[in-house]
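Naming: A, B, ... by sequence-line order, numbering from 1 per chain. In this text, all values refer to a predicted model and were calculated from it rather than measured experimentally.
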Amino acid sequence: MKSAIQLISERISQAIQKATGQNVPAIITGATDPKFGDYQCNNALALAKQLKANTTLRSSDSLRSMSPRQLAEKIIAELKIDDICQKPEIAGAGFINLRLNPEFVAENLREIVSDKDRLGIEKIKKSQTVVVDFSGPNIAKQMHVGHLRSTIIGDCICRTLELAGDKVIRQSHRGDWGKQFGVLIAYLQITHKEKLQKPGSVSINDLDQYYKDAQAWCDRDPGFAESARREVVKLHNNDKDTLRVWEEFVRASRKHYQPIYDTLGINLNESNERGESFYRDKLADVVTDLKKQGLAVESEGAVCVFPEGFKTKDDEPMPVIIQKSDGAYLYATTDLAAIRYRINELKADRIIYVTDARQKLHFEMLFKVAEMAGWVKNTELIHITFGSVLGEDGKPLKTRSGENVKLKELLDEAVKRAKSVVQEKNPDLADSEKEKIANAVGIGAVKYADYSNNRTSDYIFSFDKMLAMDGNTAPYMQYAYARIKSIGRKGQEKGIDTEKELKGIKEIYLENNTELELAKQLIRYGEAFNSAIADFKPNFLTAYLYELAQKFSSFYNACPVLDAEPKIRPSRLLLCDLTAKIIRHGLENLLGIKTIERM
RNA sequence: GCGCCCGUAGCUCAGCUGGAUAGAGCAACGGAUUUCUAAUCCGUAGGUCAGGGGUUCGAAUCCCUUCGGGCGCACCA
């Protein structure tokens, strides 16, 4: 179904066409103040200017001399909208203020009720194949906070695109073919030879520690570094024994990060793994092709492509190095091979990369190279960036000893803190239920806090803030949901058949102002979805949901539901039901955050 | 040095394809509770949108500039 804003936009466009002969998109936004109505149209102001300038638009003299207010009058005169809005009003410099008819709102509520799976979210017309590259953990290392944002933002992007109707292909471009294996194997050969015999017995914790030690060794001992390099070469040459160890390390790593994905509600599994190793036999061809095209040239011993428009700090052309002077390939080579694979094999219409903003330059260059090589054709390459997670001191989040905060530990801590809150607020619940609530709240809080911040900016990580019951937090949302569910249970106790009342509903009453406000918010879900997906901004979704929960709370405070008079009770039950459905849909389907029936 | 991002209330942040008096939450202050879960609601106070200039009928938003912070810039990913 179409959102109110879409319907209004269509009507306004038609009116403008009739009034001025101009074919321009409608400029409709939410009203800045409730006293101006629900939506406002700003076309008259912009149009008056454009007509006067007479550069982009051709117009008659009479139109050209019109003030914005006069133009607004003319537009309104042609506007047929009384089935949606009350009589439009002109205000200020030439704004057209629009207030929805309660009947229209009620009718929309009915439509959303029957639109069970989408709740007013429209399907896009042309479905695309979209490859989303996100999360990409490093094999043989623990996941840490640095992986959090890519993982959850990427997942949210996939969920929204899927709901919009795209065919989404998730790709975990994990780091599984790099030098860490050489370093690890070289280290184990000297220190823990027995582990190499039984690599399956090695845990991710061991690997993490070994790697740290080995790395330090590399730094102080060139001889050891050299043997590590030799091990990488063996791996890259598909040496059988080395591969066997590698496979075990990969398995140990998967055993570590799959539970984290499950905990976080991330739809990623083995079938989405297309790590660096996946492209290993496609790298030589990348280099050959680029050489053949004359794009790749040798420079200082390395094979490089120099995309147009990039300079080094010495003001020289900046290369994308695709083969080192020792013959080894680099991550840029792998990334280029991945682009080709995704375009040619996966048939991607769009490829979306979700990484932190620091990799911006890398992807700009990469995309340019792919374009220059003629690989891109009609595929759209998109780099979605995000800011860093900072500690309370405003610096990148680290442990006291200066190490990366492990993701698992961070999530465990969130759950632990949530649990103590549950314990405090609701000590009588069964332990198993407390556990369930603490999980939903703790994990939800971490995710929700991330989503509710603007994707592009850094944010300060604070357990206290994200677990607060007030404000735009997961617990607040989950609480609002649980309260609605509680009404249903209470109704049952009182012998009220809420299902039956909902089904038998005849007329929808929206007489109390809080009811109407809530209803108007309910019918804007599709609109919020559209604005969120347009720029891949999850915070638009959380902002919408938060406003919804707030409006519900106001309604809940002002209007009794179960004790309402029989005539209006079904309406109020309907408002409750729809609010619960949308909160649940938003949190679970779009953000991957669990709701709970009571808390 | 060059490039990118950022600077909005005491704090944490929205808002940025230009639109009416710049919004939330926290903290502060005042009110509502025989509760359909107060983990709530209602209200008050708080801002030269870093500074300066420009474009415009109109700028937090666009352009220029200064200051302050972050990040990136050849063989790591």
Q.
I want to check a possible cation-pi pair here: A:Arg280 against A:Trp246, using under 6.0 Å from ring centre and within 45° of the ring axis as the test.
A. yes
(Q) Mind checking if A:Tyr556 touches a base, just sugar-phosphate, or nothing, with heavy atoms under 4.0 Å? (A) base
Q: Searching all strands shown, indicate the nucleotide that pairs with B:A14 (Watson-Crick or G-U wobble; both distances under 3.5 Å).
A: none
Q: Quickly work out the A:Asp335 CG to B:A77 P distance and round it to whole Å.
A: 10 Å
(Q) I'd like the P distance from B:A74 over to B:G15, given in whole Å. (A) 33 Å
Q: Describe the nucleic acid contact of A:Lys425 in one word from base, sugar-phosphate, nothing, applying a heavy-atom distance below 4.0 Å.
A: base
Q: Check the distance between B:A77's C1' and A:Asp133's CG and give it to me in whole angstrom.
A: 13 Å
Q. Looking only at atom C1', what distance separates B:A77 and B:U40, rounded to whole Å?
A. 48 Å
Q: Could you tell me whether A:Ser457 contacts a base, only the sugar-phosphate backbone, or nothing, with contacts defined as non-hydrogen atoms closer than 4.0 Å?
A: sugar-phosphate
Q: Identify whether the distance between the nearest side-chain nitrogen and carboxylate oxygen of A:Glu435 and A:Lys419 falls below 4.0 Å.
A: yes
Q.
Does A:Tyr481 reach a base, just sugar-phosphate, or nothing at all? Heavy atoms under 4.0 Å.
A. nothing
Q) Looking at A:Tyr556, does the NZ or CZ of A:Arg483 lie under 6.0 angstrom from its six-membered ring centre and within 45 degrees of the ring axis? A) yes
Q | 5'-most by nearest nucleotide on RNA chain B - A:Ser388 or A:Ser299 | A | A:Ser388
Q) Where the side chain of A:Met599 is concerned, which of B:A74, B:U40, B:A39 is the nearest nucleotide? A) B:A39
**Q.** Nearest-nucleotide pick for A:Tyr459, side chain only, options being B:C26, B:A74, B:C13
**A.** B:C13
Q: Using a 4.0 Å heavy-atom cut-off across all strands, classify A:Glu276 as base, sugar-phosphate, or nothing.
A: sugar-phosphate
Q. If you round to the nearest 0.5 Å, how far is CG of A:Leu518 from NZ of A:Lys520?
A. 11.5 Å
Q: Measure the distance from CG on A:Asp315 to P on B:G72 and round it to the nearest whole Å.
A: 21 Å
**Q.** Partner nucleotide, any strand, of B:G7 [Watson-Crick/G-U, under 3.5 Å]
**A.** B:C67
(Q) Measuring only the C1' atom in each nucleotide, how far is B:A20 from B:A60? A whole number of Å is fine. (A) 15 Å
Q. So A:Tyr353 and A:Phe367, would you call those rings parallel, tilted or perpendicular, with 30° and 60° as cut-offs?
A. tilted
**Q.** Ring-on-base stacking B:G19 with A:Phe95 (under 5.5 Å, under 30°)
**A.** no
Q) Start at the 5' end of RNA chain B and walk down; is the nucleotide closest to A:Glu316 or to A:Asp470 reached first? A) A:Asp470
Q.
Base, sugar-phosphate or nothing for A:Ser486? Non-hydrogen atoms, less than 4.0 Å.
A. base
Q.
Counting only side-chain heavy atoms from C-beta out, which of B:A24, B:G19, B:A20 sits nearest to A:Gln550?
A. B:A24
Q.
For B:U56, give the paired nucleotide (Watson-Crick: N1-N3 plus N6-O4 or O6-N4; G-U: N1-O2 and O6-N3; both under 3.5 Å), or none.
A. none
(Q) For the C1' atoms, the ones on B:C16 and on B:C6, what distance do you get once it is rounded to whole angstrom? (A) 13 Å
**Q.** Protein-nucleotide distance (A:Ile484, atom CD1; B:U40, atom P), rounded to Å
**A.** 14 Å
Q) Roughly, in whole Å, what's the span from CE in A:Met469 to P in B:U40? A) 8 Å
Q: Test ring-ring contact (aromatic ring centres under 6.0 Å, His included) on A:His173 and A:Phe134 and set out the steps.
A: CA-CA 7 Å; A:His173 192 85; A:Phe134 69 108; over 10 Å; no
Q: When you get a sec, tell me which of B:C73, B:A77, B:A39 is the closest nucleotide to the side chain of A:Asn426?
A: B:A39
Q) Can a salt bridge be assigned to the pair A:Glu226 and A:Arg229 using a cut-off of 4.0 Å between side-chain N and carboxylate O? A) yes
Q: Just call it for A:Asn97: base, sugar-phosphate, or nothing, with non-hydrogen atoms closer than 4.0 Å on any strand.
A: base
Q. In the structure shown, which nucleotide is the Watson-Crick or G-U wobble counterpart of B:C2, with both distances under 3.5 Å?
A. B:G72
Q: Look at all strands and tell whether A:Lys313 reaches a base, only sugar-phosphate, or nothing, counting heavy atoms closer than 4.0 Å.
A: base
Q | Same-atom distance (P) from B:C42 to B:G25, integer angstrom | A | 9 Å
Q. To the side chain of A:Phe36, which of B:C11, B:A20, B:A74 is closest?
A. B:A20
Q. More than 12 non-hydrogen atoms from neighbouring residues, nucleotides or ligands closer than 6.0 Å to NZ on A:Lys594, yes or no?
A. no
Q | Between P of B:A77 and CD1 of A:Ile321, the distance in whole Å | A | 10 Å
Q. Considering only the C1' atoms, how many Å lie between B:G46 and B:G30, rounded to the nearest integer?
A. 15 Å
(Q) Can you tell me the base-pairing partner of B:A22? Count Watson-Crick or G-U wobble geometry only, both distances below 3.5 Å, and say none if there is no partner. (A) none
Q: Could you let me know what B:C49 is paired to, Watson-Crick or G-U wobble, both distances under 3.5 Å, or none if it's on its own?
A: none
Q. Is the distance from OP1 or OP2 of B:G15 to the nearest side-chain N or O of A:Asn454 less than 4.0 Å?
A. yes
Q: May I ask you to say what A:Ala468 touches in the nucleic acid, namely base, sugar-phosphate or nothing, with a heavy-atom cut-off under 4.0 Å?
A: nothing
Q. So what does A:Ala302 hit on the nucleic acid, given a heavy-atom distance under 4.0 Å: a base, only sugar-phosphate, or nothing?
A. base
Q: Write down the distance between CG (A:Leu467) and P (B:C26), rounded to a whole number of angstrom.
A: 15 Å
**Q.** Touch class at under 4.0 angstrom, heavy-atom based, for A:Leu361 against every strand present
**A.** sugar-phosphate
(Q) Counting the atoms with a prime plus P, OP1 and OP2 as sugar-phosphate, which does A:Tyr546 contact under 4.0 Å by heavy atoms, base, sugar-phosphate, or nothing? (A) sugar-phosphate
Q. Rounding to the closest angstrom, what is the interatomic distance between B:U61 and B:U17 at atom P?
A. 11 Å
Q) Given atom CD1 of A:Ile27 and atom P of B:G18, what is their separation to the nearest angstrom? A) 9 Å
Q. For atom C1', what is the distance between B:G47 and B:G10, given to the nearest Å?
A. 12 Å
**Q.** Candidates B:G19, B:C36, B:A74 - which lies nearest the side chain of A:Pro319
**A.** B:A74
Q.
Quick check on B:C41: is either OP1 or OP2 less than 4.0 Å from any side-chain nitrogen or oxygen of A:Tyr476?
A. yes
Q) Hey, does the Lys NZ or Arg CZ of A:Lys465 hover above the aromatic six-ring of A:Phe461, less than 6.0 Å from the centre and inside 45° of the axis? A) no
Q: Verify the contact: side-chain N or O of A:Ser67 to OP1 or OP2 of B:C57, cut-off strictly under 4.0 Å; return yes or no.
A: no
Q) Which part of the nucleic acid, if any, lies within reach of A:Glu547 when heavy atoms closer than 4.0 Å are counted: base, sugar-phosphate only, or nothing? A) nothing
Q) Nearest of B:U40, B:A14, B:A20 to any side-chain atom of A:Asn539? A) B:A14
**Q.** Minimum-distance nucleotide to A:Arg358 side chain [options: B:C71, B:C36, B:C13]
**A.** B:C71
Q. Mind checking who B:A32 pairs with, Watson-Crick or G-U wobble, both distances under 3.5 Å?
A. B:U40
**Q.** Parallel, tilted or perpendicular: ring planes of A:His383 versus A:Phe363, cut at 30 and 60 degrees
**A.** tilted
Q) With sugar-phosphate meaning primed atoms plus P, OP1 and OP2, does A:Ile460 contact a base, only sugar-phosphate, or nothing at under 4.0 Å between heavy atoms? A) sugar-phosphate
